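One structure is given below, encoded as structure tokens.
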Amino acid sequence: MRVLGIETSCDETSAAVVGGDAGSPALESLVILSQDVHRIFGGVVPEIASRAHLTALVPVVRRSMADAGRRLPDIDAIAVTNGPGLVGALLVGVSFAKGLAASLEIPVLGVHHLEGHLFAAALEDANAAPPFTALLVSGGHTMLLDVAQWGEYRLLGATRDDAAGEAFDKVAKLMGLPYPGGRHIETLARGGDASRFRFARPMLHGGQREGDADYYDVSFSGLKTALLRAVRDAEARGALEEERPHLAYAFQDALVETLAVKTARAARAFGRTRIVLGGGVACNAALAERVRERAVSLVGTGVTVHAPVPRLATDNAAMIAHAGLFRLQRGERSDMTLSAYASLPLPGLVPAAPANV
Ligand code: KG4
Ligand code: ZN
């Protein structure tokens, strides 16, 4: 089976062709057009994003077909992100996918954006397959999940305020770095001295026990405020320039430590030896490294951590095609009433249950 994937949920216009089957996918092409225009505004402007998808989508799809060396009759189905995301942006992709599928008389399938992120690492790494503990960290979402098998997702924890990527972006902004700021913070932090600043680890303390509401949840607004205070203080001392790398380091360190410990707790509780990362923040090498360290100490040396390569970690259509391929092979189809949703529950969510089940 060969699927054309389409992703337009935020500020990336992307199309991809994925063949084979869900268990051993063949990534035939992936085109991602990032809408740089939003940098001027320091964040994504929804209407501009929708219009940019509208002008870019047909050329992006054509390019991905050409890169794959395929023609439209070679496509068996179309998978398109239909939520969650910016609704105007999603509508462009969904309308296009339905029109193309109708004209080709092939199935169309709406894919949940975050299920796509779960399938990203498995495009290139056969070991990024269930059962695993998943940490999804993007600009819009932060979720800790146990994945017993594809399509069965137990939500263990989430952010109570900012998403991890959003926290990176806000902190980057207040430190005068370009949008999106995550990778700029990571670069700046490489020159940081770990002993200069230390921020409290948000929602993390030794007294937490499984079953406590804050055992798996995270929160980043307090950390952001602590950083803001430290920035103002450095500014008042006229030392901001020299302190910037140390501040970036301390912020990133507190954030990755919290995520890593909570992920390792989940792997231990469910007896998982694989941890899969997804979402744009999964590009952060310090995060992957810290997750590995904490998982090894809580679970054991047999734990492996699987992070997608950067172009598959950030928003892309290949992960949508892969998740779509899985659902199509299970016999799922959307009909022509398929719509787009700003928020959408992850399909296959199972109720939270006690660990070691
Ligand atoms: O998954 P994604 O492309 O879009 C959403 O679905 O939101 O994630 C984008 C987020 C942005 O907040 C960006 O700053 C962050 O991923 N990001 C990073 C890094 N690269 C991208 N955050 C930290 N370190 C990075 N290296
Ligand atoms: Zn995303």
Side-chain angles (χ1 to χ4, degrees), residues 5-14 16 30 32-36 38-39 42-44 46 49 80-86 89-90 93 111-121 134-143 158-159 161-175 177-190 192 218 220 223-224 227 248-249 251-260 276-291 307-320 322-323 342-344 346:
I6 294 176
E7 156 65 40
T8 64
S9 68
C10 191
D11 58 347
E12 259 88 31
T13 311
S14 180
L30 170 59
I32 305 170
L33 187 74
S34 293
Q35 302 175 354
D36 289 343
H38 304 287
R39 281 170 202 210
V44 179
V80 59
T81 309
N82 76 318
L86 301 172
L90 290 163
V111 171
H112 192 284
H113 182 77
L114 295 172
E115 185 171 43
H117 276 303
L118 285 173
F119 273 84
L135 176 66
L136 289 186
V137 272
S138 73
H141 297 270
T142 299
M143 281 179 165
T159 180
D161 38 61
D162 291 349
E166 191 182 357
F168 266 107
D169 294 342
K170 287 179 177 169
V171 161
K173 195 172 187 173
L174 69 89
M175 291 181 65
L177 295 165
Y179 173 87
R183 65 192 170 85
H184 300 288
I185 295 278
E186 181 178 17
T187 306
L188 191 59
R190 282 200 201 107
V218 294
F220 299 118
L223 175 60
K224 212 175 50 195
L227 186 277
Y249 178 91
F251 164 77
Q252 178 175 279
D253 185 57
L255 184 143
V256 302
E257 175 69 9
T258 303
L259 290 171
V276 170
L277 308 182
V281 184
C283 297
N284 189 293
L287 173 66
E289 191 45 42
R290 191 68 60 86
V291 169
V309 295
R311 75 185 190 124
L312 295 174
T314 52
D315 287 351
N316 71 86
M319 67 185 197
I320 302 304
H322 189 198
S343 62
L344 189 66
L346 192 63

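Keep in mind that this is a model prediction, so the values were computed, not measured. Just follow the structure's listing: the first ligand is 1, and inside any ligand the first atom is 1.
For ligand 1, the atoms sitting less than 4.0 Å from at least one non-hydrogen atom of H117 are 1 (O), 6 (O), numbered in the order shown with element in parentheses. Residue S138 has at least one heavy-atom neighbour below 4.0 Å for each of these atoms of ligand 1: 1 (O), 5 (C), 6 (O), 7 (O), 8 (O). Atoms of ligand 1 found under 4.0 Å from any heavy atom of G139 (numbered from 1 in listed order, with element): 5 (C), 7 (O), 8 (O), 9 (C), 10 (C), 12 (O). Within the listing of ligand 1, atoms 1 (O) sit less than 4.0 angstrom from a heavy atom of G279. Taking every heavy atom of G165 and a limit of under 4.0 angstrom, the matching atoms of ligand 1 come to 12 (O). Applying the 4.0 Å criterion to heavy atoms of H113 picks out, from ligand 1, the atoms 6 (O). Within ligand 1, counting atoms from 1 as listed, the ones closer than 4.0 Å to a heavy atom of T314 are 3 (O). Which parts of ligand 1 touch D169 is read off a 4.0 Å heavy-atom cut-off, strictly below it: atoms 11 (C), 12 (O), 13 (C), 14 (O).
Here H141 contributes atom NE2 and H113 contributes atom NE2; the two are 7.0 Å apart, rounded to the nearest 0.5 Å. Atoms CG and CG, on N284 and L255 in that order, are 8.0 Å from each other to the nearest 0.5 Å.
Side-chain N or O atoms of S14 include none that pairs as donor or acceptor with a backbone N or O of E7 at under 3.5 Å.
Residues passing the ring pair (Phe, Tyr, Trp, His ring centres under 6.0 Å) test with F220, sequence neighbours excluded: none. Partners of R39 according to the salt bridge (charged side-chain N to carboxylate O under 4.0 Å, His left out) rule, which considers only residues two or more places apart in sequence or in another chain, are D36. When the side-chain hydrogen bond (donor to acceptor under 3.5 Å, both in side chains) test is applied to E186, no partner is found at least two apart in sequence or on another chain.
The shortest heavy-atom distance from Q252 to ligand 1 is not under 4.0 Å.
Note on the Zn ion (ligand 2): protein N/O/S atoms under 2.8 Å are H113 NE2, H117 NE2, D315 OD1.
Between G140 and ligand 1, a contact under 3.5 Å exists for at least one N or O pair. Taking only nitrogen or oxygen atoms, main chain and side chain alike, E12 does not reach within less than 3.5 Å of ligand 1.
The backbone and the side chain of R183 each have at least one atom closer than 4.0 Å to an atom of ligand 1 (non-hydrogen atoms only).
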